[in-house]
Protein chains: 2
Amino acid sequence: MFTLAEENYLKALFHLESESKDGVSTNAIALKLKTKPSSATDMIQKLAEKKVVAYQKYKGAFLTKKGKLIAADVIRKHRLWEVFLVEKLNFQWDEVHDIAEQLEHIKSEELITRLDTFLDHPNFDPHGDPIPDENGVIKSSDKKLLSELEENQQGICVGVKQSDSKYLQYLDKLSINIGSKIKVLNVEEFDGSKTIEVGGKSYFISEKSAQNIYVIN
Amino acid sequence: MFTLAEENYLKALFHLESESKDGVSTNAIALKLKTKPSSATDMIQKLAEKKVVAYQKYKGAFLTKKGKLIAADVIRKHRLWEVFLVEKLNFQWDEVHDIAEQLEHIKSEELITRLDTFLDHPNFDPHGDPIPDENGVIKSSDKKLLSELEENQQGICVGVKQSDSKYLQYLDKLSINIGSKIKVLNVEEFDGSKTIEVGGKSYFISEKSAQNIYVIN
DNA sequence: ATATAGTTTTAGACAAGTCTAAAAATAAAA
DNA sequence: TTTTATTTTTAGACTTGTCTAAAACTATAT
């Protein structure tokens, strides 16, 4: 069983690993977790003893297979709770992170199994990030930007890149939501703006705006 | 802001106060929280400094007005989460306590407000215990046992006293659930057994069984 | 009223997780 | 290749919440 602090370190390591090829420096971890490098060193050494992290002094750390599983499980919980908060409690996409950060540490396999079922086994969280399955496997997603779609292509909205309230309200006007099917009817060559179809109606969207919306297709 | 441990002490105190007129002994608190009396003393002293507990050495402790509010809030969260677990995730009444024990410490006013709305502002948890409102006020409940009802009286099931799986399955057969309207058609004098009407059908229930079901009317 | 039993508090220790300050190792620059 | 700068680790201290053992208080019984 892992403590809250341990889980947070594993999660941070998981995210940092995917960004940098080499081992992750204790400094980078400290930065991510808003703590001091000395604290990170302490914890990484502890996690190394527990065999969830591989670590050599001054050489950085990375997750072992076991560590990756635990981290993926925490991330799974986090993202499932985010879906719950948005879909069921009507939070906006940008309001849920801090709450999910707490909920992800609730200990109960059964709870997550049932939550997953209740939410109808979602594959993506409200930010468009994939939700690992029960075995920690992350479906390699075809997540791309709406701006990358060409004429007559379509995709399902899985999230947004940056999400401030005003922008979300704008999306509401276009009836774009998670799960919305978006079809590109027309692309304007000179500025990349698009005409799209959402829910039977057509709308106009600028290239800049389309670069902020994630879709899978 | 109160820590998880502090919240648990306040909650324990809240429950213990309602059982005994005098101040609550540190021993009783330790017993309830499965810790040692010395630990309880330490914590009570700390809470006294924070003005949420009134405490005199060797004389026991009780909650101040402020302490009561905080305790009621934790209990509110606990019970709302229990309703969620049972009504939405289909847990059984006896499986939810430990999970709610964790969920009750999640910090977010907004979350609880929305959860309350999502659950349609329930007044009772699955065990029939009343849910304090946003101001910590507990509706004085008319909770009684089904066995106390007389002929032609009726009540709404708000929970059970003891709940093992087998018993819950038995209740399912009688289509008794939280919120079920139960009408007493007939009471057998010599053994207290009853004929009741639930959902348009009539069933037979023993006195012993009726003593296990909470209703309000 | 005094000895005894039971309860409650204090004192000191420990584990987890953090911090600061100083030492050690690595990387960069002259 | 030295020197200098930067990164990383160690050492020691602090906080929270717990514990054990001992001391202080209260209640009980003779």
TODO: Starting at atom CG of A/L4, determine the distance to atom P of D/dT16, rounded to an integer number of angstrom.
DONE: 17 Å

Task: Carboxylate-amine/guanidinium proximity below 4.0 Å for B/D22 and B/K59 - done: no

Open item on the list: Strictly below 4.0 Å, N to O, side chains only: are A/E7 and A/K107 in salt-bridge contact?
Closed with: yes

Open item on the list: Is it the case that the ring center of B/F84 lies less than 6.0 angstrom away from the ring center of A/F84?
Closed with: yes

Open item on the list: What is the separation between atom NZ on A/K34 and atom P on C/dC19, rounded to the nearest whole Å?
Closed with: 13 Å

Open item on the list: Distance check needed: D/dT18 P versus B/I44 CD1, whole Å only.
Closed with: 11 Å

Task: Test item: side-chain donor near acceptor, A/Y55 and A/T26, under 3.5 Å - done: no

TODO: Take the protein atom CG of A/L33 and the nucleotide atom C1' of C/dT18, then report the distance between them rounded to whole Å.
DONE: 13 Å

- [ ] Could you check how far CE of B/M43 sits from P of D/dC19, rounded to whole Å?
- [x] 11 Å

Task: Footprint string (nucleotides 8-15 of chain C, 5' to 3'): B base within contact, S backbone only, - free, heavy atoms under 4.0 Å - done: BBB-----

Task: side-chain hydrogen bond (donor to acceptor under 3.5 Å, both in side chains) partner of B/H78, the single match among B/H105, B/E104, B/K11 - done: B/E104

Task: side-chain N/O A/Y9 vs C/dA16 OP1/OP2, d < 4.0 Å - done: no

Open item on the list: Could you check whether B/K50 pairs with B/E6 (Lys NZ or Arg NE/NH1/NH2 to Asp/Glu carboxylate O, under 4.0 Å)?
Closed with: yes

